[in-house]
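The structure presented is a predicted model; accordingly, all values stated were derived computationally and were not measured.
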Amino acid sequence: MRTLIVLTMLFAAVAFFGCKRETSEVREEVRPVRAITIGRTGGTVGATYSGEIRARYESKLGFRNGGKVVERLVEVGARVAKGEALLRQDPEDVALNVVSATAQVEAARSRVTQNRTDLERTKQLFAKRFVSQAELDREQLALDEAESQLKAAEAQRQMAVNRHAYTTLAADMAGVVTAINVEVGQVVAAGQTVLTIAADGEREVLISIPESRVDELRKAGKLTASLWANPRKFYPARLRELTPDTDEVTRTYAARVTVLNADTSLRLGMTASVHVPDVEGVTAVRLPLTAVYDKEGRPMVWIVDSQTSRVAPRFVSLAAAENDTVLVADGLKDGEIVVTAGVHMLHDGQKVTLVGAPPPHASGGKP
């Protein structure tokens with residue numbers, strides 16, 4: 001009887017542990033995920049940069065004289081022609097300078113006339129031997145000095161006349177007034193910027209480029225631009241200028257992209273986009289951003305073993321990113337299966353099941 005009891009207890013223990021092991025095996029979690037079979041593709045991720053329509057040439061105008069502004073002839077947004085009057089200063093003091101310079105010219109001219117008469121009289125006396133050669137030379141020298149003083153006085157008068165003309169600020173090009181920084185009654189200094197004109201003609205898009213995309217922009221052979229107000233119309237464009245240094249605040253490079261075949265629909269200040277195509281000559285793996293997981297400050301992806309259906313982490317090097325696409329420069333091989341959805345719920349060695357068959361060589365990076 002005792003032996004029967006012992007055997008019964010042994011059979012019960014074996015059955016208990018066997019059921020427990022079977023239950024633990026059954027309870028292993030199999031996580032459903034989406035994945036793609038990767039393959040290398042040519043080119044890098046294209047980019048779109050937002051910017052502002054600007055004029056190719058902008059002129060910041062200022063008076064050549066310091067003085068008080070007494071008249072404002074245009075408003076912001078006004079279209080002006082070359083030579084059109086824009087602002088005027090008080091001309092009273094400058095007009096007095098013109099009067100003074102004119103009087104000096106008349107006085108100098110009178111001295112020249114007098115010295116010329118004296119020289120002629122001295123020549124006649126010298127011919128009769130009534131005066132010496134030294135006296136004749138002094139009269140000639142006096143005439144030369146008077147003529148030089150006359151030229152100087154005429155130059156001073158012309159400068160006064162010019163300064164009088166400078167009291168009227170005129171447009172040096174045809175365009176649109178984009179800014180006026182002065183009001184009537186304000187006293188301005190010579191050279192102070194008081195008005196800005198955007199010239200007619202070429203139009204550009206001013207954009208900011210991150211450090212990682214500068215070389216791609218330079219290598220891009222064909223750019224296009226579009227307006228936020230009319231996104232379906234594209235204009236051919238080309239890179240004209242790229243600053244050699246970054247902005248102190250944004251740490252980006254300012255670039256000016258010339259819009260070719262610009263029409264009247266490109267108004268100053270409008271929001272525009274510059275589209276940069278893929279740059280050929282580079283091969284990399286293109287993945288959705290959802291496939292990348294940040295671990296310890298480094299980008300990582302999950303690789304699925306096709307034999308065991310278990311995942312393993314893999315650190316990768318990223319090249320560029322745009323919107324929902326990322327470019328992986330190193331760390332992956334063609335034909336590997338990468339998880340693209342559900343990466344935050346996985347752990348090393350976990351068994352997964354693929355939702356839908358992974359498409360072969362999904363270079364576009366879509367699950």
Minimum heavy-atom distance [X]-[Y], with the two atoms named:
X: T122; Y: L136; result: CG2-CA, 3.7 Å
X: Q89; Y: N65; result: NE2-O, 2.9 Å
X: R72; Y: V182; result: NH1-O, 3.7 Å
X: I197; Y: L195; result: CG1-CD2, 3.5 Å
X: A35; Y: I337; result: CB-CG2, 3.6 Å
X: A171; Y: V80; result: CB-CG2, 4.1 Å

Counting C-beta onward and ignoring hydrogens, is there a side-chain heavy-atom pair between [X] and [Y] closer than 4.5 Å?
X: L239; Y: V274; answer: no
X: L150; Y: V105; answer: yes
X: L332; Y: I303; answer: yes

Going from [atom1] on [X] to [atom2] on [Y], what distance comes out if it is rounded to the nearest 0.5 angstrom?
X: T224; Y: K222; atom1: OG1; atom2: NZ; value: 9.5 Å
X: S306; Y: E336; atom1: OG; atom2: CD; value: 10.0 Å
X: K82; Y: D172; atom1: NZ; atom2: CG; value: 7.5 Å
X: R238; Y: R240; atom1: CZ; atom2: CZ; value: 8.0 Å
X: L119; Y: E135; atom1: CG; atom2: CD; value: 10.5 Å
X: Y253; Y: R218; atom1: OH; atom2: CZ; value: 8.0 Å

Which ILVMFWY residues are connected to L206, directly or by a chain of links, through side-chain heavy atoms under 4.5 Å apart? none
Evaluate M345 against Q350 for side-chain contact (heavy atoms from CB on, under 4.5 Å), listing each step before the verdict. CA-CA 10 Å; M345 306 298 295; Q350 182 172 8; over 6 Å; no
Just by distance, do the side chain of [X] and the backbone of [Y] share a donor-acceptor pair under 3.5 Å?
X: T113; Y: R109; result: yes
X: S273; Y: T48; result: no
X: T290; Y: T340; result: yes
X: S148; Y: D144; result: yes
X: N115; Y: A142; result: yes

If you group Ile, Leu, Val, Met, Phe, Trp and Tyr by side-chain heavy-atom gaps below 4.5 Å, do [X] and [Y] land in one group?
X: V177; Y: L268; result: no
X: L61; Y: V176; result: no
X: L86; Y: V184; result: no
X: V98; Y: Y166; result: no
X: V205; Y: L242; result: yes

Lys/Arg-Asp/Glu bridge criterion (N-O < 4.0 Å) met for [X], [Y]:
X: E204; Y: R54; result: no
X: E145; Y: R111; result: no
X: E154; Y: K151; result: no

Result of checking R56, M173, R79 against D200 for side chain to side chain contact (heavy atoms under 4.5 Å, CB included): R79
Side-chain donor-acceptor contact under 3.5 Å, T252 with Y49: no
Mind running salt bridge (charged side-chain N to carboxylate O under 4.0 Å, His left out) on E139 and K123 for me, showing each step along the way? CA-CA 9 Å; E139 293 296 337; K123 285 181 178 180; over 6 Å; no
Is the number of heavy atoms from other residues, nucleotides or ligands under 6.0 Å of R298 CZ greater than 12?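 Not buried by this count: 12 neighbours or fewer within 6.0 Å.
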Run the numbers on R157 and T102 for side chain to side chain donor-acceptor pair (under 3.5 Å), then give the verdict. CA-CA 6 Å; R157 183 182 63 176; T102 301; 4.7 Å; no
Tell me whether R129 forms a cation-pi arrangement with F126, defined as NZ or CZ under 6.0 Å from the six-membered ring centre and within 45 degrees of its axis.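 Geometry flag: set, cation within 6.0 Å and 45°.
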